[in-house]
Amino acid sequence: MEYVVETNELTKRYGRETVVKGLNLKVRAGEIFGFLGPNGAGKTTTLLMLLGLSEPSSGWARVLGHDPVKEPLAVKSKVGYLPENTGFYGDLTARENLEYVANLNRLVDFERRLEETLTLVGLIEVQKRLVSTFSRGMRQRLALAEVLIKKPGLVFLDEPTLGLDPEGITTILELIARLPVELGVSVILSSHLLHLVDKVAHRVAILNKGRLLAMGSVAELAQAVGLSEPNLEEVYQKYYKASGLEDAA
Amino acid sequence: MRAIIRKELADHFSSTRFIIIMALIFMMSFLGANLASQGIKEALAAGGREYMEGRAFLLLFTASGALFPLTVCLALFGPLFGLVLGFDAINRERSNGTLSKILSQPIYRDEVILGKYFAGLITVALTLAALLILLGSFGLIGAGVVPTPEELARLLVFWFVSLVYIGFWLGLAIVFSIVFRSVATSALAAAALWILIAFFLPVLGQALGRAIAPTADPQRPTYEELAQQELVNQVVAKISPTGLYNQAAGVLLDPTNRGSSEAFQVAVSSRVNRILLNHFRGGLSFSQSVALMAPEFLILVGAALATFILAYLTFSRQEVRSI
Ligand SMILES: Nc1ncnc2c1ncn2[C@@H]1O[C@H](COP(=O)(O)OP(=O)(O)OP(=O)(O)O)[C@@H](O)[C@H]1O
Ligand SMILES: [Mg+2]
């Protein structure tokens with residue numbers, strides 16, 4: 001089996017506090033991988049370590065065959081990252097924002113690619129408008145375009161639906177669902193909207209307080225906790241409560 | 001890094017604050033040059049040609065009779081220029097949420113800080129060059145004075161010294177933009193520092209001088225008292241970048257200026273004496289002036305390098321998560 005992400009006992013400490021504890025993740029090529037957990041579980045911290053933006057305290061990771069600590073540039077040129085509160089240059093147009101990201105990736109002759117990506121996210125008609133005039137939904141789609149412009153093999157999407165209305169959420173999720181099929185991009189999707197992750201994710205990992213509680217397809221996890229019907233929300237609750245009991249004991 | 005420099009340059013040259021501060025500096029130095037060129041014309045007509053030999057053109061930039069000669073303008077507003085170009089370099093991107101996006105592209109962190117610093121320097125270098133050329137042609141047409149090659153060489157070195165001086169403030173501003181989370185705090189800190197060094201320190205030097213060597217009879221200060229006060233003043237000026245810049249620029253643009261070592265003599269000797277002295281000794285050559293201002297210049301270079309390295313280190317050591 002080919003893994004796009006593999007971690008071994010990945011750990012991050014801030015001072016005396018351990019926020020990611022011995023994480024062993026395996027993400028397969030071509031899948032949408034739901035990365036779940038309550039606030040403060042350590043999801044963003046893990047993604048930063050996978051990108052080489054934060055150094056692990058111990059353990060290691062491999063991302064698309066590279067070690068993020070030793071080869072951060074190789075990882076960052078192949079992985080698209082949508083940060084949880086991403087921003088734009090409001091005084092530039094959508095197209096200029098996207099061009100800047102393309103330039104930072106040292107892409108050349110990206111004219112056509114720019115148009116394709118803007119078309120994919122449905123912003124081609126408004127590409128000449130200043131981003132400061134964009135709605136939240138348009139911004140998130142532009143963020144997705146910025147992630148895709150570099151032709152990534154893998155993308156990390158940290159709460160891409162934050163603050164969107166139901167329609168906006170559906171649009172983004174439909175786009176995400178198309179990524180593995182049409183562009184061959186694997187996806188790690190962090191979100192709190194379980195019913196939506198349930199719709200698009202092939203497999204999920206549940207994190208709490210830096211520890212991995214479960215990893216697998218929703219059906220597998222449901223079976224493991226004795227649920228007759230696979231339902232991510234119930235699976236999540238079961239694991240979450242069990243971890244709470246463990247902590248109390 | 002090229003992409004970053006290009007974007008930052010475009011930002012600088014199109015920003016309102018750049019235009020405002022440019023307008024301020026250009027207006028004041030044009031006013032100064034205008035008055036100076038009038039004065040030069042009159043002096044030339046009155047037969048002062050011999051006295052102004054080899055420095056008529058430079059007087060455009062320094063003439064003390066003028067309201068605000070370029071040197072004074074740059075000493076005061078150059079810092080503001082550097083600070084304005086850099087005080088929000090990092091913290092604005094942080095609060096906009098664009099910093100983590102940039103850093104997740106395949107570039108080194110160094111490139112972000114280097115790119116911003118060099119873009120600022122290029123902006124300053126181009127603006128200064130434009131200012132010198134504009135003022136120069138103004139004098140050429142207005143007063144009809146043609147620069148000698150030596151005067152041009154002096155101006156070229158002056159351009160570089162000014163670049164280093166403003167570069168010091170730019171580096172400092174970028175440090176502020178890394179250390180202070182809030183753009184407003186950073187702007188306030190920069191403004192406070194500017195006022196402190198540009199306005200307060202010279203006054204402090206004089207006050208300190210008077211405190212250390214008080215004049216017994218304020219009506220008739222003695223030579224020793226004045227000399228000692230001036231010495232304290234000089235020492236204080238040496239720890240201020242503005243003081244250093246003033247000294248270096250003064251020596252460079254005025255062949256008769258013999259620098260700080262002699263300044264206190266000049267300060268106490270009468271104006272007539274000074275003019276006589278200069279008349280007999282003649283001006284310094286270009287290389288003599290450069291050698292004379294070298295210590296001040298080197299301290300400025302060191303200070304500018306120090307602020308840049310500080311910016312570089314604080315940024316590359318910062319925990320990414322706080323980004
Ligand atoms: N620089 C830091 N210093 C100390 N602790 C930190 C630092 N950054 C993050 N933490 C802590 O690490 C823990 C994990 O944070 P993280 O942002 O990874 O969680 P998350 O799963 O992404 O949460 P959310 O769903 O709210 O985004 C939190 O308890 C947070 O307080
Ligand atoms: Mg998070």
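Since this is a predicted model, take the numbers as computed values, not measurements. To find a chain, count down the sequence lines: A is the first, B the second, and so on, and within it residues start at 1.
Residue B:Phe200 qualifies as open at atom CZ: its count of foreign heavy atoms under 6.0 Å is 12 or below. Heavy atoms of other residues, nucleotides or ligands lying less than 6.0 angstrom from NZ of A:Lys21 number more than 12. Heavy-atom contacts from other residues, nucleotides or ligands closer than 6.0 Å to OH of B:Tyr108 number 12 or fewer. Within a 6.0 Å sphere centred on CZ of A:Arg136, other residues, nucleotides and ligands contribute more than 12 heavy atoms. For B:Phe18, the CZ atom counts as densely surrounded, since its 6.0 Å shell holds more than 12 non-hydrogen atoms of other residues, nucleotides or ligands.
Judged by the 6.0 Å and 45° rule, B:Lys101 forms no cation-pi pair with A:Tyr100.
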side-chain contact (heavy atoms from CB on, under 4.5 Å) assessment of A:Phe88 paired with B:Asn96: CA-CA 7 Å; A:Phe88 303 92; B:Asn96 273 351; over 6 Å; no

Evaluation steps, side-chain contact (heavy atoms from CB on, under 4.5 Å), between A:Lys76 and B:Gln105: CA-CA 6 Å; A:Lys76 288 195 275 186; B:Gln105 308 308 328; over 6 Å; no

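Between B:Leu103 and the options A:Leu51, A:Leu53, A:Leu48, a side-chain contact (heavy atoms from CB on, under 4.5 Å) holds for only A:Leu53.
To the nearest 0.5 Å, atom NZ of residue A:Lys150 and atom OG of residue B:Ser104 are 5.5 Å apart. For the atom pair OH (A:Tyr81) and OG (B:Ser100), the distance works out to 6.0 Å, reported to the nearest 0.5 Å.
Taking both residues in full, the closest heavy atoms of B:Ile107 and A:Leu104 are given as CG2-O, 3.7 Å, listed atom of the first, atom of the second, then distance.
Using a 4.5 Å cut-off between heavy atoms, A:Phe156 does not touch chain B at all. For chain B, no part of A:Lys78 is nearby; none of its heavy atoms comes within less than 4.5 Å.
B:Glu111 has a carboxylate O that lies under 4.0 Å from a charged side-chain N of A:Arg106, or vice versa, which qualifies the two as a salt bridge.
In terms of heavy-atom pairs under 4.5 angstrom with chain B, the leader among A:Pro83, A:Ala74, A:Ala143, A:Gly80 is A:Pro83. Among the candidates A:Asn85, A:Thr86, A:Val79, A:Leu82, the residue making the largest number of heavy-atom pairs closer than 4.5 Å to chain B is A:Thr86.
Considering only heavy atoms from C-beta on, B:Arg6 comes within 4.5 Å of A:Asn103 through its side chain.
Using a 4.5 Å cut-off between non-hydrogen atoms, no part of residues 80-92 of chain B approaches chain A.
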